[in-house]
Visitor: 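One structure is given below, represented as structure tokens, and several questions about it will come after.
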Amino acid sequence: MKWSQTLIPTLKESPSEAEIESHKLMIRAGLIRRVTAGAYAYLPLGTLVLNKVIAIVREEMNRAGAVEVFLPSLQPLDLLEESGRLQIFGEDLITFEDRHGKTTALGPTHEEIITDIVRNEVNSYRQLPITLYQIQTKFRDETRPRFGVLRSKEFIMKDAYSFDMDYEGLNKSYKSMYDAYCRIFDRCGLDYLVVEADSGAMGGDVSHEFMVPSPVGEDVLIRCLKCGYSANRERAESAPLLQENHATLQTLKEVPTPNKHTIQEVSAFLQVKPCQMVKTMIYISNGQPVAVLLRGDHEVNETKLSKVLGQDTVALADHATIEQVTGARVGFAGPVGLNIEIIADQAVSVLRNFVTGANKPDTHLENVNADRDFKISRVADIRYVTTDDRCVKCNHKIDISQGIEIGHVFKLGTKYSDALKAKFLDTNGKGKSMIMGCYGIGVNRILASAIERSHDENGIIWPLSLAPYKIIIIPVNVNDPSVIQAANHLYDDLTNLAGFEVLLDDRDQRPGVKFKDADLIGIPVKIIIGKKFTETKELEIKLRKGGETFLSTPDGVRLKIKQLFEVLLKI
RNA sequence: CGGGGCGUAGCGCAGUUUGGCUAGCGCGCCUGCCUUGGGAGCAGGAGGUCGGAGGUUCAAAUCCUCUCGCCCCGACCA
């Protein structure tokens, strides 16, 4: 492609809409433009990269034995109702009413659609197992789109769905997708981690997230750098804390704490560390209030809590309910004297002589002890781990960092096949629910992550596999006939004979502009036809990454490039 | 949805507090000259419903009311 014939609108200055590097660079390098909040247009360069990613994904899906389909974005609401996810998606679902008054949704994901098709078309064990996938635009009305294509209302996802006869089959399908994901992200040049994840609204039990570590990531990763344990924040567990059995039980006593209702205020007022305090939160479970006890410096993990309570979701009680249950204003609740179920976090169960609210206005209790002063109904792990925690597997120090979620695989089991009655006849002629898995990749996020990972002050540095063009030819002076002739000749040679993807910067611009632009858009290899060529007929080959430079005769270029590519592919 | 901020040329911004001539600056764009190894220089030029609507006023980018859009923090998030 000749630069003058395509559209690569590069920008010298960073646009004010962008906050993070990848977003700024995608705009500056002319890959994308924002059309409205959470929706982006891909310009020629961005489209080329997007297609590179898609091609890699498609190749590896096919290699893994998955079969491509293409499902509609328009989804009828009744299927979502049937699976029970209409409520779960709620406001995130983008819907519209057509001219007949029928409400239709723009698909946020496609479990229901694919399950509907499979239940209609697959009836026998002979047709199983099968994994179907598609690459398609999804729509979610994110409350807050952010960071360019990292969190948008409209995004491209590769989503795959496996259907098996039994759990052994599911395990195989899952493994096969898991391995394909590793190959995909490896080929895209990403550094990634796989973490245990909670399956959230997707349902199912086992789930792994593929994460690119990055300070701009919106997900939190918990890792043990010693044994390799890794999980996301919702899921991560920590080593149980030990009983402080050396402390002797002291006398329970009331202390006045006028108007001190937060942990910080009470802690400062009574000169007691938050980790020696217990906060009592009233939740509503199954319509009944439940007291949840946490150490003052810990945070409740509602995902864990809802599992413990056996609920889909849990919610804090409103102020009126709290006052009714505890007999005191919010901020003075405590377990002593409460006659509702009391769930204590494991860290609370080992505390002695702690401080809690007294269920009386402006009063706290000191030297509270479980068993003696109140009864814990259940002890469970219901909190987020902290940097003070130790690894659940090996008791080593724990590392907490951030990451971008680029892929997620789930073992769904029969959640959707039961709900939508996707059954097959087994070898004995008995009807059984299909065992499902689902597997997603955020295609746009791969672009952004790749840039986050690989850029410098001059711009993007594409890995060879994602580069929109592998080579950029820069004739320094297009008004010099011998130079432009050589450039055109080389372009034809590399494009037509060698089959490389080449961009020829044929613009009548000063050299500085062309070099800066070439760096900004991140083309891995520059071929410069300039001073050296006029003097000695030599071309200069320069690598974007590292800036290493080689001289070559026009005839030797092809071979030299091939050698360089072999090296670049290994990076 | 709560809190904060912004909207003036394609992009980045000044001007708004204290209303006042023809609304500025840098980058980009067009023409010409010159220049050709890291975002040159000179000269000339095009480009604006000052987000929109209404109001106050002799006079509104500037003050008032409403409204739309965008960004940030939080809540939320396969």
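All figures in this text were calculated on a predicted structure; none of them were measured in a lab. Order of the sequence lines sets the chain letters (A, B, ...), proteins ahead of strands, with each chain counted from 1. Values below: every heavy atom of this structure, side chains too, minus hydrogens, waters and symmetry copies.
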Visitor: Expressed in angstrom and rounded to an integer, what is the separation of A/I8 atom CD1 from B/G28 atom P?
Guide: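 So the two atoms are 18 Å apart, to the nearest Å.
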
Visitor: Partner lookup for B/U56, please. Criteria are Watson-Crick or G-U wobble with both distances under 3.5 angstrom; report none if nothing qualifies.
Guide: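 Looking at the geometry, B/U56 pairs with no nucleotide.
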
Visitor: Just say parallel, tilted or perpendicular for the rings of A/Y439 and A/Y181, cut-offs at 30° and 60°.
Guide: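 If you compare the ring of A/Y439 with that of A/Y181, the planes turn out perpendicular.
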
Visitor: Can the ring centres of A/Y161 and A/Y133 be said to be less than 6.0 Å apart?
Guide: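 No, the ring centres sit 6.0 Å or more apart.
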
Visitor: Inspect the contact between A/D164 and A/K172 and indicate whether a charged nitrogen and a carboxylate oxygen are less than 4.0 angstrom apart.
Guide: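 Between A/D164 and A/K172 there is no salt bridge, as every charged N stays at least 4.0 Å from the carboxylate O atoms.
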
Visitor: Who are the side-chain hydrogen bond (donor to acceptor under 3.5 Å, both in side chains) partners of A/R445, not counting sequence neighbours?
Guide: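 Result, side-chain hydrogen bond (donor to acceptor under 3.5 Å, both in side chains) vs A/R445: none returned.
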
Visitor: Sequence neighbours excluded and cut-off under 3.5 Å, please list the side-chain donor-acceptor pairs for residues 86-94 of chain A, or say none.
Guide:
none

Visitor: Would you give a per-nucleotide map of nucleotides 33-43 of chain B, 5' to 3', where B means the base has a protein non-hydrogen atom under 4.0 Å away, S means only the sugar-phosphate does, and - means neither?
Guide: --BBBBBB---

Visitor: Quick one: on RNA chain B, does A/M157 or A/P145 contact a more 5' nucleotide (nearest heavy atom)?
Guide: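 Between the two, 5'-proximity favours A/P145.
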
Visitor: Which whole number of Å gives the distance between the C1' atom of B/U18 and that of B/U31?
Guide: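 Roughly 43 Å separates the two C1' atoms.
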
Visitor: Examine A/Y40 together with A/F155 and report whether their ring centres are nearer than 6.0 Å.
Guide: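 Ring centres of A/F155 and A/Y40 not closer than 6.0 Å.
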
Visitor: Tell me what A/S16 touches on the nucleic acid: a base, only sugar-phosphate, or nothing, going by heavy atoms under 4.0 Å.
Guide: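 If one applies the 4.0 Å heavy-atom cut-off, A/S16 turns out to touch the sugar-phosphate alone, with no base involved.
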
Visitor: Between protein and nucleotides 45-50 of chain B, what N or O pairs are separated by less than 3.5 Å?
Guide:
none

Visitor: N/O contacts under 3.5 Å, protein versus nucleotides 6-8 of chain B?
Guide:
none

Visitor: What I want to find out is whether A/K153 reaches A/E142 closely enough, with some N-O distance under 4.0 Å, to be called a salt bridge.
Guide: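 No, this pair does not count.
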
Visitor: Using the P atom on both, measure B/G69 against B/A53 and round to a whole Å.
Guide: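 After rounding to an integer number of Å, I get 16 Å for this pair.
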
Visitor: To the nearest Å, how far apart are A/H23 NE2 and B/C70 P?
Guide: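 The answer, rounded to whole Å, is 13 Å.
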
Visitor: Provide the Watson-Crick or G-U wobble partner of B/A43, both distances under 3.5 Å; none if there is no partner.
Guide: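 Looking at the geometry, B/A43 pairs with B/U31.
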
Visitor: Please measure how far the P atom in B/U22 lies from the corresponding atom in B/U65, and state the result in whole Å.
Guide: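 Rounded to whole Å, the distance is 29 Å.
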
Visitor: On a whole-Å scale, what distance lies between the P atoms belonging to B/A9 and B/G32?
Guide: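 Result for the P pair: 28 Å, nearest Å.
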
Visitor: Just jot down the side chain to side chain contact (heavy atoms under 4.5 Å, CB included) partners of A/T553, sequence neighbours excluded, or say none.
Guide: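 Partners of A/T553 by the side chain to side chain contact (heavy atoms under 4.5 Å, CB included) criterion, ordered by chain and then number, come out as A/D555.
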
Visitor: Sequence neighbours excluded, which residues qualify as side chain to side chain contact (heavy atoms under 4.5 Å, CB included) partners of A/I284?
Guide: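 Expected list: A/P289, A/A317, A/T321.
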
Visitor: Write down the distance separating the C1' atoms in B/G24 and B/C50, rounded off to the nearest Å.
Guide: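 It works out to 12 Å between them.
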
Visitor: Hey, are A/E299 and A/R383 close enough for a salt bridge, meaning a charged N less than 4.0 Å from a carboxylate O?
Guide: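 A/R383 and A/E299: not salt-bridged.
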
Visitor: Give the rounded distance in Å between these two atoms: CD of A/E13 and C1' of B/G28.
Guide: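 Checked: the CD to C1' distance equals 9 Å.
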
Visitor: Return the pairing partner of B/C70 with a 3.5 Å limit on both distances, Watson-Crick or G-U wobble; otherwise return none.
Guide: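 The base-pairing partner of B/C70, which may sit in any strand shown, is B/G5.
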
Visitor: Can you measure A/I27 atom CD1 to B/C27 atom C1' for me and round it to whole angstrom units?
Guide: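 Those two atoms, CD1 and C1', are 17 Å apart.
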
Visitor: On a whole-Å scale, what distance lies between the C1' atoms belonging to B/G15 and B/G39?
Guide: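 After rounding to an integer number of Å, I get 28 Å for this pair.
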
Visitor: If I take atom CD in residue A/E218 and atom P in nucleotide B/C72, what distance separates them, rounded to the nearest angstrom?
Guide: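 Answer to the nearest Å: 10 Å.
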
Visitor: Give, ordered by number, those residues of residues 29-42 of chain A having at least one heavy-atom distance below 4.0 Å to an atom of RNA chain B; if nothing qualifies, reply none.
Guide: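 Residues of residues 29-42 of chain A that come under 4.0 Å of RNA chain B are, in numerical order, A/R34, A/T36, A/A37.
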
Visitor: Among all residues two or more places apart in sequence or in another chain, which pass the side-chain hydrogen bond (donor to acceptor under 3.5 Å, both in side chains) test with A/K560?
Guide: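 Not a single residue meets the side-chain hydrogen bond (donor to acceptor under 3.5 Å, both in side chains) criterion with A/K560.
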
Visitor: Tell me if the centroids of the rings in A/Y178 and A/H208 come within less than 6.0 Å of each other.
Guide: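 Close enough - the centres of the two rings lie under 6.0 Å apart.
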
Visitor: Searching all strands shown, indicate the nucleotide that pairs with B/C11 (Watson-Crick or G-U wobble; both distances under 3.5 Å).
Guide: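 Base-paired to B/G26.
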
Visitor: For B/U17, what is the paired nucleotide under Watson-Crick or G-U wobble rules, both distances under 3.5 Å?
Guide: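 With both distances under 3.5 Å required, B/U17 matches none.
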
Visitor: So does A/R235 pair up with A/E196, basic N to acidic O under 4.0 Å?
Guide: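 So A/R235 pairs with A/E196 through a salt bridge.
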
Visitor: Measuring only the P atom in each nucleotide, how far is B/G51 from B/U62? A whole number of Å is fine.
Guide: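 B/G51 and B/U62 have their P atoms separated by 8 Å.
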
Visitor: Kindly write out the residues that satisfy side-chain hydrogen bond (donor to acceptor under 3.5 Å, both in side chains) with A/S214, not counting sequence neighbours, or none if the list is empty.
Guide: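 By the side-chain hydrogen bond (donor to acceptor under 3.5 Å, both in side chains) rule, A/S214 matches no residue at all.
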
Visitor: Taking atom P of B/A75 as reference, at what distance in whole Å does atom CG of A/L316 sit?
Guide: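 Going from CG in A/L316 over to P in B/A75 covers 14 Å.
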
Visitor: Expressed as a whole number of angstroms, how long is the span from A/Q87:CD to B/C76:C1'?
Guide: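 For the pair A/Q87 CD and B/C76 C1', the rounded distance is 18 Å.
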
Visitor: Give me the distance, rounded to whole Å, that separates B/C27 from B/G44 when you measure between the P atoms they each carry.
Guide: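 It works out to 15 Å between them.
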
Visitor: Can you list every pair that meets salt bridge (charged side-chain N to carboxylate O under 4.0 Å, His left out) and has a residue in residues 6-19 of chain A, with sequence neighbours left out?
Guide: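 Matches after skipping sequence neighbours: A/E17-A/R34.
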
Visitor: Quick one: side-chain hydrogen bond (donor to acceptor under 3.5 Å, both in side chains) partners of A/K24, sequence neighbours excluded?
Guide: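 Testing A/K24 for side-chain hydrogen bond (donor to acceptor under 3.5 Å, both in side chains), a comparison that skips the adjacent residues, returns none.
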
Visitor: Atom CD of A/E19 to atom P of B/G12: distance rounded to whole Å?
Guide: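 From A/E19 CD to B/G12 P: 14 Å.
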
